[in-house]
Amino acid sequence: MMTEREIRVRFAPSPTGQLHIGSVRTALFNYLFVKSGGGKMVLRIEDTDEQRSTEESLRTIIDGLRWLGIDWDEGPEKGGIAESYYQSERVEIHREYAQKLIDAGKTYYCDCTGDEGPTTCNCKNKDQEALKNSPNSVVRFNIPDGITEIDDLIRGKVKFNNLDIKDFVILKSNGNPVYNFAVVVDDITMGITHVIRGDDHLSNTPKQILLYKALGVEPPIMAHLPLILSPLGGKLSKRQIAKPQNTPDSQNYVPAVNVEWYCENGFLPEAFVNYLARLCWSNGTDEEFFTLDELIEKFSMKGISPTAALYDWKKLKWYNGNYIRNLSVERFIDECMPFFIKAHGKEAVDEKGEEWCSKLLPLYQERVEYFAEIGDKTKFYFERPVEFTPKDIKKVKWNDETRDLLKEFLLDICAKSDFTVENLESTINQFTEQKEIKLGRIMQPIRLAVSGTRATPGLYDVLNLIGKEETIERVKWFIDNVDVI
RNA sequence: GGCCCCAUGGUCUAGUGGUUAUGACGCGGCCCUCUCAAGGCUGUAACAGGGGUUCAAAUCCCCUUGGGGCUACCA
């Protein structure tokens with residue numbers, strides 16, 4: 001009788017750098033698939049590249065997944081049915097399986113150096129016994145003739161002619177397995193039923209299918225996700241984003257490819273997940289916002305688009321801004337505070353006091369798209385502006401008349417008001433009514449004098465936070481040092 | 001070069017033979033308004049091209065073009 005096999009998927013990163021956006025996307029879809037269908041997710045570390053694998057990198061991967069809420073059932077820090085979830089510790093198993101293939105006569109030894117040009121390796125016809133004993137020989141898998149077909153969950157049937165696949169190495173001359181072989185053995189021994197990975201692996205798939213067949217094992221179901229490409233074209237890599245035209249003000253700006261950066265710069269994991277999910281998946285409705293739980297509930301492979309998508313940093317920011325605005329004020333302050341402190345120093349922030357901070361920060365809840373932006377935007381509360389651009393000075397109509405207005409402002413309002421928000425509002429309003437001028441006529445020059453910019457939160461709040469004395473100092477300085485136009 | 005994948009506005013997408021071709025980001029305008037942001041309203045912009053199949057193609061087939069991936073004793 002057929003029993004339904006438990007669904008088992010795996011996410012198998014190699015710890016050779018930081019956690020890439022594309023990898024996280026793959027992890028996310030494995031997670032959504034397994035959580036929506038019921039099953040286990042395995043985290044396997046493919047650390048067989050001794051040169052490049054590092055402990056820090058492993059840490060980064062684990063921290064990144066945890067940050068996003070993508071949890072695994074078996075793997076590092078969890079254990080499970082396999083003796084190890086580190087590929088490097090599974091070499092004996094790989095060798096065992098390789099031996100099965102060798103014994104079955106499905107391989108041959110080869111000592112080609114590789115720099116023999118395009119000529120086909122002829123070792124198959126050489127003395128195998130001699131080759132076997134040569135320290136330089138590798139074990140190659142003998143590709144049988146025929147057609148290999150994949151029935152991909154996302155791409156449908158894909159056919160490959162085996163003639164196009166060359167006999168590849170499964171065991172290196174040092175006896176260690178090569179990637180395409182190790183994955184197959186690991187997926188078999190870990191009972192993986194569904195392989196969900198990036199489209200860049202599609203071309204490798206027939207090699208793996210052939211290996212499954214040679215080992216007499218039914219291959220898992222495949223699903224190849226569309227790639228996330230750089231808006232500059234090509235792979236989304238560090239090299240790509242380092243291109244000179246890729247500056248913050250350019251159309252195609254990408255700040256980073258590693259999730260760690262987004263965590264460090266104040267992105268909310270739920271926004272990041274939402275963006276990534278929505279990048280190549282849709283449930284056919286107009287909905288744009290999904291929590292992780294909603295994604296699990298609504299996820300279906302059918303909703304995955306087969307088309308590669310360009311990474312769009314502006315849309316990510318838009319998502320994040322939305323999630324930030326939806327935070328409670330208390331939580332916004334909590335989350336934003338570390339970035340605020342980092343920007344201005346603990347001492348300076350402490351000096352301003354908790355009450356001051358809890359008045360200031362909320363003003364920026366709808367003005368930052370990610371927390372790290374808080375630093376630049378609030379710099380002027382801590383440092384006097386000294387640079388004023390000609391454009392700003394002009395926009396603010398800085399002429400003799402305006403200067404006289406500001407002088408009166410100092411004498412009149414500053415003298416009378418104790419600088420509460422309410423007092424500032426009423427005195428400034430009285431002042432403009434009396435002078436029969438529009439609010440902006442005086443607000444804008446004051447704003448510039450006090451902040452160095454023409455864009456701040458409401459001026460009553462700003463002046464209240466800067467304080468009476470400091471406001472007077474700044475306005476005076478502006479009057480005395482900035483030439484009228 | 002060979003093999004493979006993909007193709008709706010600048011970007012992400014809805015659409016599964018008959019629609020004024022959906023929504024969102026971005027961008028522009030208007031409203032709100034002390035500026036900015038947020039918010040509201042609104043505008044811009046797409047079925048890559050050519051052949052078929054069909055009464056009828058964004059939707060099905062083929063070719064071309066374009067984009068992408070793979071092609072290691074890396075993973």
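Every chain is numbered from 1 and lettered A, B, ... according to where its sequence line falls, protein lines coming before strand lines. For clarity, every value in this text was computed on a predicted model and none was experimentally measured.
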Does anything in residues 176-184 of chain A come within less than 4.0 Å of RNA chain B? Heavy atoms only, and list the residues if so.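 The stretch gives A:V178, A:Y179 as the residues lying under 4.0 Å from the strand, ordered by number.
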Between A:E470 and A:R384, is there a side-chain N and carboxylate O pair less than 4.0 Å apart?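 Looking at A:R384 together with A:E470, the answer is yes, because their closest N to O distance falls below 4.0 Å.
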Do the charged groups of A:R95 and A:E92 touch, with an N to O distance under 4.0 Å?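 A:E92 and A:R95: salt-bridged.
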N/O (side chain, [X]) to phosphate O (OP1/OP2, [N]) under 4.0 Å:
{"X": "A:K207", "N": "B:C3", "result": "no"}
{"X": "A:K377", "N": "B:U35", "result": "no"}
{"X": "A:T48", "N": "B:A75", "result": "yes"}
{"X": "A:R197", "N": "B:A75", "result": "no"}
{"X": "A:K166", "N": "B:C3", "result": "no"}

With side chain to side chain donor-acceptor pair (under 3.5 Å) as the test, pick out the partner of A:D187 among A:Q208, A:R10, A:H194.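 With A:D187 as partner, side chain to side chain donor-acceptor pair (under 3.5 Å) holds for just one option, A:R10.
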Taking the cut-offs as 6.0 angstrom to the six-membered ring centre and 45 degrees off its axis, would you call A:K377 and A:Y364 a cation-pi pair?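 Here A:K377 fails the 6.0 Å and 45° test against A:Y364.
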Using a 4.0 Å heavy-atom cut-off, does [X] contact any base of the nucleic acid, only the sugar-phosphate backbone, or nothing at all?
{"X": "A:V138", "value": "base"}
{"X": "A:K395", "value": "nothing"}
{"X": "A:P457", "value": "base"}
{"X": "A:S173", "value": "base"}
{"X": "A:K317", "value": "nothing"}
{"X": "A:L459", "value": "base"}
{"X": "A:Q87", "value": "sugar-phosphate"}
{"X": "A:R325", "value": "sugar-phosphate"}
{"X": "A:K438", "value": "nothing"}
{"X": "A:S203", "value": "base"}
{"X": "A:F160", "value": "sugar-phosphate"}
{"X": "A:N204", "value": "base"}
{"X": "A:G234", "value": "sugar-phosphate"}
{"X": "A:S305", "value": "sugar-phosphate"}

Quick one: are the ring centres of A:F388 and A:W398 less than 6.0 Å apart?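 So the answer is no for these two rings.
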For atom [atom1], what is the distance between [N] and [M], given to the nearest Å?
{"N": "B:C47", "M": "B:G66", "atom1": "C1'", "value": "15 Å"}
{"N": "B:C4", "M": "B:G43", "atom1": "C1'", "value": "42 Å"}
{"N": "B:G50", "M": "B:U44", "atom1": "C1'", "value": "29 Å"}
{"N": "B:U19", "M": "B:U59", "atom1": "P", "value": "13 Å"}
{"N": "B:C62", "M": "B:A46", "atom1": "C1'", "value": "24 Å"}
{"N": "B:C61", "M": "B:U8", "atom1": "P", "value": "16 Å"}
{"N": "B:U11", "M": "B:A48", "atom1": "P", "value": "12 Å"}
{"N": "B:A57", "M": "B:G52", "atom1": "P", "value": "12 Å"}

For the side chain of [X] and the base of [N], is some donor closer than 3.5 Å to an acceptor across the two?
{"X": "A:T456", "N": "B:C36", "result": "no"}
{"X": "A:R447", "N": "B:C34", "result": "yes"}
{"X": "A:R155", "N": "B:C5", "result": "no"}

Nearest to the [X] side chain among [options], which nucleotide is it?
{"X": "A:A309", "options": "B:A37, B:G69, B:U13", "value": "B:U13"}
{"X": "A:M443", "options": "B:U8, B:C34, B:C73", "value": "B:C34"}
{"X": "A:L229", "options": "B:G68, B:G26, B:G69", "value": "B:G68"}
{"X": "A:L202", "options": "B:C5, B:G23, B:G2", "value": "B:C5"}
{"X": "A:D200", "options": "B:U8, B:C70, B:G23", "value": "B:C70"}
{"X": "A:L310", "options": "B:U11, B:U35, B:C25", "value": "B:U11"}

Atom [atom1] of [X] and atom [atom2] of [N]: how far apart are they, to the nearest Å?
{"X": "A:K159", "N": "B:C70", "atom1": "NZ", "atom2": "C1'", "answer": "21 Å"}
{"X": "A:M222", "N": "B:C5", "atom1": "CE", "atom2": "P", "answer": "15 Å"}
{"X": "A:E288", "N": "B:A14", "atom1": "CD", "atom2": "C1'", "answer": "11 Å"}
{"X": "A:I154", "N": "B:G69", "atom1": "CD1", "atom2": "P", "answer": "18 Å"}
{"X": "A:L225", "N": "B:C6", "atom1": "CG", "atom2": "P", "answer": "14 Å"}
{"X": "A:F168", "N": "B:C74", "atom1": "CZ", "atom2": "P", "answer": "14 Å"}

With a 3.5 angstrom cut-off on both distances, give the Watson-Crick or G-U wobble partner of [N], or none if there isn't one.
{"N": "B:C70", "answer": "B:G2"}
{"N": "B:U11", "answer": "B:A24"}
{"N": "B:U16", "answer": "none"}
{"N": "B:A37", "answer": "none"}

Quick test of your reading: applying salt bridge (Lys or Arg N to Asp or Glu O under 4.0 Å), list the pairs with at least one residue in residues 445-464 of chain A, sequence neighbours left out, ordered by first then second residue.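 For residues 445-464 of chain A, and leaving out neighbouring residues, the salt bridge (Lys or Arg N to Asp or Glu O under 4.0 Å) pairs sorted by first residue read A:D392-A:R454.
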Should the pair [X] and [Y] be assigned to parallel (<30°), tilted (30 to 60°) or perpendicular (>60°) ring geometry?
{"X": "A:F290", "Y": "A:W281", "value": "perpendicular"}
{"X": "A:F267", "Y": "A:Y370", "value": "parallel"}
{"X": "A:F371", "Y": "A:F332", "value": "tilted"}
{"X": "A:F272", "Y": "A:Y262", "value": "tilted"}

Answer yes or no: is there a donor N or O on one side and an acceptor on the other, between the side chain of [X] and the main chain of [Y], under 3.5 Å?
{"X": "A:R52", "Y": "A:T16", "answer": "no"}
{"X": "A:N246", "Y": "A:V254", "answer": "yes"}
{"X": "A:Q87", "Y": "A:D186", "answer": "no"}

More than 12 non-hydrogen atoms from neighbouring residues, nucleotides or ligands closer than 6.0 Å to CG on A:D376, yes or no?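 Open: at most 12 neighbouring heavy atoms sit under 6.0 Å from CG of A:D376.
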Between the protein and nucleotides 64-66 of chain B, list the N/O to N/O atom pairs that are separated by less than 3.5 angstrom.
none

Relative to the 5' end of RNA chain B, which residue comes earlier, A:K314 or A:L439, by the nucleotide with the nearest heavy atom?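 On the 5' side of the pair lies A:K314.
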